[in-house]
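In what follows, every chain begins at residue 1, and chains take the letters A, B, ... in the order their sequences are listed. Quick caveat, the model's predicted, so the values are computed rather than measured.
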Number of protein chains: 2
Amino acid sequence: MPLPIKISEETFTPRQQAVLTAALDLLVENGDGLTMTAVARRASCSKETLYKWFGDRDGLLTATVQWQAAKVRMPHVDRSHLSAKVLRESLEQFARDLLTTIIGEVSITLNRTAITHAAQEKDSLGNIVLENGPMAIRRRLKPILEAARDARLLRFNSSEDAYRIFFGLVVRDVQIRLLLGDKSLTQSNVEANIEVDVKAATDQFLALHGAKANT
Amino acid sequence: MPLPIKISEETFTPRQQAVLTAALDLLVENGDGLTMTAVARRASCSKETLYKWFGDRDGLLTATVQWQAAKVRMPHVDRSHLSAKVLRESLEQFARDLLTTIIGEVSITLNRTAITHAAQEKDSLGNIVLENGPMAIRRRLKPILEAARDARLLRFNSSEDAYRIFFGLVVRDVQIRLLLGDKSLTQSNVEANIEVDVKAATDQFLALHGAKANT
DNA sequence: GCGGAACCGTACCGTACGGTACGCCTGCGG
DNA sequence: CCGCAGGCGTACCGTACGGTACGGTTCCGC
């Protein structure tokens with residue numbers, strides 16, 4: 001029973017959401033130690049119920065990832081009143097949300113799980129994470145970039161390229177290092193520098209693509 | 001039996017390397033379908049031998065990752081004759097090597113394996129990949145950046161920051177998308193654009209940190 | 001109060017796989 | 001020719017876990 005790519009709102013009953021929460025907690029705690037027995041015990045439900053609701057282990061995993069991934073909220077920017085100031089603030093907000101998200105335990109766990117899954121010819125989890133992560137940001141950011149270009153606040157040829165540059169400037173090596181378990185990048189460590197990094201990335205992006213840029 | 005972080009050269013006999021090759025092939029083909037039985041069959045050796053040589057499954061995995069990761073070679077740059085042209089070419093070479101590496105099947109497999117491993121309180125594989133990937137690049141790149149700053153070819157405050165910006169500009173969202181199994185990023189797809197991306201990333205980096213940059 | 005649906009808890013089954021034991025072959029030093 | 005070390009192949013064991021079955025309990029509609 002393949003779940004839909006898009007989760008609207010009440011795809012799951014409260015009880016089911018409690019189960020998914022338990023599953024996610026286990027995932028965050030134990031890495032992939034997500035066994036059906038453990039979830040059942042944690043959620044105080046029977047394995048039979050799990051199988052009835054989610055089909056099999058993969059279904060439970062998919063539902064969990066999907067449900068959590070959909071929780072990521074993007075900032076909403078008013079495109080009609082774009083000024084240099086508003087643009088900068090919007091970019092900073094995007095950078096801040098992006099950084100805050102990727103350094104979170106939940107995001108790390110979800111990405112790890114999806115990557116593990118992708119290592120087995122199964123791309124469903126990867127697609128969900130992609131769709132709710134990078135692609136969601138892209139969908140939100142590109143219109144803003146294009147509006148800013150129309151307003152002569154930015155210069156670039158391809159909004160796709162511009163988005164990817166922004167992504168790179170914000171994320172850099174932070175995500176891959178966290179995914180690989182780099183001990184020298186503690187969450188608090190990165191967290192403390194978020195504002196600095198956000199500002200730096202925005203400055204750099206504007207230096208490259210701002211109206212006054214010579215590129 | 002923890003293996004040393006650094007592999008010099010003949011840590012493994014040719015026969016052992018054949019086994020590791022088989023293990024890596026299985027890893028690339030089957031994702032994590034690396035079972036001891038499969039490796040033994042592929043390498044035409046007995047499981048008992050595997051355990052004698054590598055201790056346990058983790059040891060075999062570690063040896064495989066370590067052995068392969070150490071094969072990544074970094075470009076060597078002559079720091080004494082830095083000119084704007086040499087610097088640009090060096091940066092492009094770094095970008096090219098970095099991109100070429102991360103889009104390779106082997107790199108994707110190794111990173112996925114290490115990330116899966118990191119999802120279970122085990123950071124050994126992650127450390128190996130980090131050490132031979134991002135950190136190796138950093139070690140090589142930073143001296144060059146600093147030399148270029150001394151030669152007034154670059155401007156920046158922190159060479160650490162400069163390295164990370166370069167990394168971000170080169171890698172962007174390519175690696176995470178590949179790790180997540182993004183179908184719209186085929187290897188040939190990315191490969192065809194390497195030269196364009198390399199040039200773009202270098203241009204952008206120099207625009208930000210080149211001597212004439214206003215930042 | 002009653003029947004049934006949903007669900008909990010637990011016992012159970014089958015399998016896959018990590019790890020071990022053993023029999024056999026080969027090559028080599030004496 | 002003998003003994004033995006190294007290694008191959010295979011059979012075997014124990015366990016963990018996915019998936020199923022079933023008895024008992026709660027809750028809801030009637």
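The interatomic distance linking E48(B) (CD) with dA11(D) (P) rounds to 15 Å, in whole Å. Here the P atom of nucleotide dA6(C) and the CG atom of L50(A) are 16 Å apart, to the nearest Å.
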Nucleotide N/O to protein N/O under 3.5 Å, stretch nucleotides 16-19 of chain D:
from    : atom 1 : to     : atom 2 : distance (Å)
dG18(D) : OP1    : R57(A) : NE     : 2.9
dG18(D) : OP2    : M36(A) : N      : 3.0
dG19(D) : OP2    : R57(A) : N      : 2.9
dG19(D) : N7     : K47(A) : NZ     : 2.9
dG19(D) : O6     : K47(A) : NZ     : 2.5

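Sorted by first and then second residue, the pairs that involve residues 166-204 of chain B and meet ring pair (Phe, Tyr, Trp, His ring centres under 6.0 Å), not counting sequence neighbours, are F166(B)-F205(B).
The side-chain heavy atoms of I176(A) and I176(B), taken from C-beta on, include no pair separated by under 4.5 Å.
The side chain of W53(A) contributes no N or O atom lying less than 4.0 Å from OP1 or OP2 of dA6(C). Between S46(A) and the phosphate of dG9(C), there is no side-chain N or O to OP1/OP2 separation shorter than 4.0 Å. The phosphate of dC8(D) has OP1 or OP2 within less than 4.0 Å of a side-chain N or O from R15(B).
Within 4.0 Å of R41(B), counting heavy atoms only, lies no atom of the nucleic acid at all.
To the nearest 0.5 Å, atom CE of residue M36(A) and atom CD of residue E48(A) are 12.0 Å apart.
Axis deviation across the helix from dG1(C)-dC30(D) to dG30(C)-dC1(D) amounts to 0°, comparing end segments of five pairs, rounded to 10 degrees.
The aromatic rings of H209(A) and F156(A) sit perpendicular, their planes meeting at an angle over 60°, well past the 30° parallel limit.
For the pair I103(B) and V190(B), the tightest heavy-atom approach, listed with the atom from each and the gap, is CG2-CG1, 3.7 Å.
The backbone N or O of L34(A) sits less than 3.5 Å from a side-chain atom of R57(A), completing a donor-acceptor pair.
Classification of R139(B) and E131(B) as a salt-bridged pair holds, one side-chain N sitting under 4.0 Å from a carboxylate O. Salt-bridge formation is not detected for the pair E92(A)/K199(A): no Lys NZ or Arg NE/NH1/NH2 atom is positioned less than 4.0 Å from an Asp or Glu carboxylate oxygen.
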